[in-house]
There are 2 protein chains.
Amino acid sequence: MRYAKEHKIESRNNILSSALKLFSHRGFDNVSIDEIMANAGLTRGTFYAHFKNKQELYTKAILAVDLELEKNSSTPDNGKLQFKQMVTDYLEADYSNPEILPCPLACLVTDVANREPEVRTAYAESFKTLNLKIKHLLSTKSSSIDEETILAITSMMIGSVAISRTISKQATKKLLSGCKKTVFSLIDAEY
Amino acid sequence: MRYAKEHKIESRNNILSSALKLFSHRGFDNVSIDEIMANAGLTRGTFYAHFKNKQELYTKAILAVDLELEKNSSTPDNGKLQFKQMVTDYLEADYSNPEILPCPLACLVTDVANREPEVRTAYAESFKTLNLKIKHLLSTKSSSIDEETILAITSMMIGSVAISRTISKQATKKLLSGCKKTVFSLIDAEY
DNA sequence: GTCTATAAAAGGATAGAC
DNA sequence: GTCTATCCTTTTATAGAC
């Protein structure tokens with residue numbers, strides 16, 4: 001064979017990460033397969049050697065979010081601190097920089113809601129993983145945080161970042177600082 | 001003239017509300033002008049007698065959300081109760097019924113983020129109006145609620161409804177009830 | 001596996017009649 | 001103001017060479 005097996009895997013990963021980044025920044029419909037492939041250093045025709053169609057790529061790209069989230073799964077001894085750092089990083093990331101991967105859960109909520117069940121299931125998986133990660137950070141031997149509080153927190157994080165991408169920089173500042181304060185107070189109150 | 005002036009205004013309003021409903025349920029790109037016009041009882045060609053292009057329609061439709069939100073602007077004597085009812089209605093509405101207009105702020109966040117500034121500004125306006133409405137409900141002569149807390153609450157409401165449209169019915173139930181409880185606790189604690 | 005070339009469909013926008 | 005008919009661009013997807 002003319003190409004090693006690793007080559008295909010590498011191509012596939014390039015396509016996946018190029019797609020996830022572009023979709024997150026601009027939305028599924030606003031990015032063409034052409035652009036994704038060019039971004040991955042390939043041409044359009046090749047796309048179909050890797051994926052059945054554009055929707056399958058969407059699904060697989062969203063599932064790849066899990067891998068990002070599952071990092072640092074060691075038992076935390078300073079979980080609360082790590083959690084606060086995570087929230088801060090999340091809310092203060094530079095979402096306008098095209099080189100950085102913004103949170104797909106925040107950037108694609110609405111976009112995913114209008115797709116086939118396959119895509120929505122992938123999103124649901126990643127959302128679940130985010131909640132589990134937080135639960136893990138905030139669980140100690142003695143106490144464990146209420147699951148519904150975690151859901152309220154992730155809703156706030158995802159919601160505020162999604163909204164921030166539509167409003168002015170000035171309004172964004174107040175929005176994100178309000179959410180940060182509120183998340184912290186929820187945690188400090190309960191645990 | 002063959003058509004009365006009211007006729008055009010009525011047509012325009014039909015187009016606007018038909019568009020807002022369809023966009024909210026399925027997203028901007030997934031709805032064709034053809035469909036919007038058919039839904040309003042007109043044909044595609046006529047569209048351009050009312051709007052410059054599809055994007056202008058999007059902007060105007062989102063601005064129309066304000067009108068919905070600005071209802072009930074009388075001074076509330078039982079604001080806190082009204083607020084709780086509003087949150088409950090918001091979180092428990094039947095978002096899958098195509099006859100009902102779901103909250104465009106929740107259904108279109110991500111969608112709007114990827115459009116021209118004109119559209120984003122319209123969204124920002126409506127978002128502002130929602131926050132003001134809540135502020136109004138929760139203000140009394142003696143106390144007024146922290147603006148950043150309101151932003152955290154609207155982020156949670158919009159975020160959770162947006163997320164709920166991607167996940168399972170079962171998961172949605174827990175998500176929305178968690179947000180409702182958390183919003184209530186934030187209000188009862190502070191005010 | 002990757003490329004170039006091309007088919008085929010969808011949908012936004014315009015022209016002209018009534 | 002509204003209709004029908006048409007243009008034109010974009011983009012997904014396929015065919016076939018290397």
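Letters A, B, ... are given to chains in the order of the sequence lines, protein chains preceding strands, and every chain is numbered from 1. If you're wondering where the values come from, they're calculated on a predicted model, not measured in any experiment.
- Considering only side-chain N and O atoms, A:T46 lies nowhere under 4.0 angstrom from the phosphate OP1 or OP2 of C:dG1.
- Proximity of residues 18-43 of chain B to DNA chain D (heavy atom under 4.0 angstrom from any strand atom) is restricted to B:L42, B:T43.
- At least one side-chain nitrogen or oxygen of B:S11 sits closer than 4.0 Å to the OP1 or OP2 atom of D:dT2.
- Closest to the A:Y48 side chain, of the nucleotides C:dG12, C:dT2, D:dA13, is D:dA13.
- Atom-to-atom, NZ of A:K52 to C1' of D:dT14 comes out at 16 Å; the value is rounded to the nearest Å.
- Spacing between atom CZ of B:F47 and atom P of C:dG11 amounts to 15 Å, rounded to whole angstrom units.
- Looking at A:R115 and A:D29, a side-chain N of the basic residue comes within less than 4.0 Å of a carboxylate O on the acidic one, giving a salt bridge.
- The salt bridge (charged side-chain N to carboxylate O under 4.0 Å, His left out) test applied to B:E147 returns A:K174, B:K135, not counting sequence neighbours.
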Take A:S126 and A:L130, measure what side chain to side chain contact (heavy atoms under 4.5 Å, CB included) needs, and give me the verdict at the end. CA-CA 6 Å; A:S126 295; A:L130 173 64; over 6 Å; no

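- Where B:H50 and B:R44 meet DNA chain D, the nucleotide closest to each residue was compared, and B:H50 sits on the side nearer the 5' end.
- Rounding to whole angstrom units, CD of residue B:E56 and P of C:dA13 are separated by 11 Å.
- Side chains of A:E35 and A:N39: a donor-acceptor N/O pair is absent below 3.5 angstrom, by distance only.
- The nucleotide whose nearest atom lies closest to any side-chain atom of A:K54 is, among C:dT2, D:dT2, D:dA13, D:dA13.
- Nucleotide D:dT11 holds its P atom 16 Å from the CG atom of A:L57, rounded to whole Å.
- Taking A:R165 as the reference, B:N114 meet the side chain to side chain donor-acceptor pair (under 3.5 Å) condition, with sequence neighbours excluded.
- Going from atom CZ of B:F51 over to atom P of D:dG1 covers 12 Å, rounded to whole Å.
- Annotation: B:K84, atom NZ; neighbour count of heavy atoms from other residues, nucleotides and ligands within 6.0 Å is above 12.
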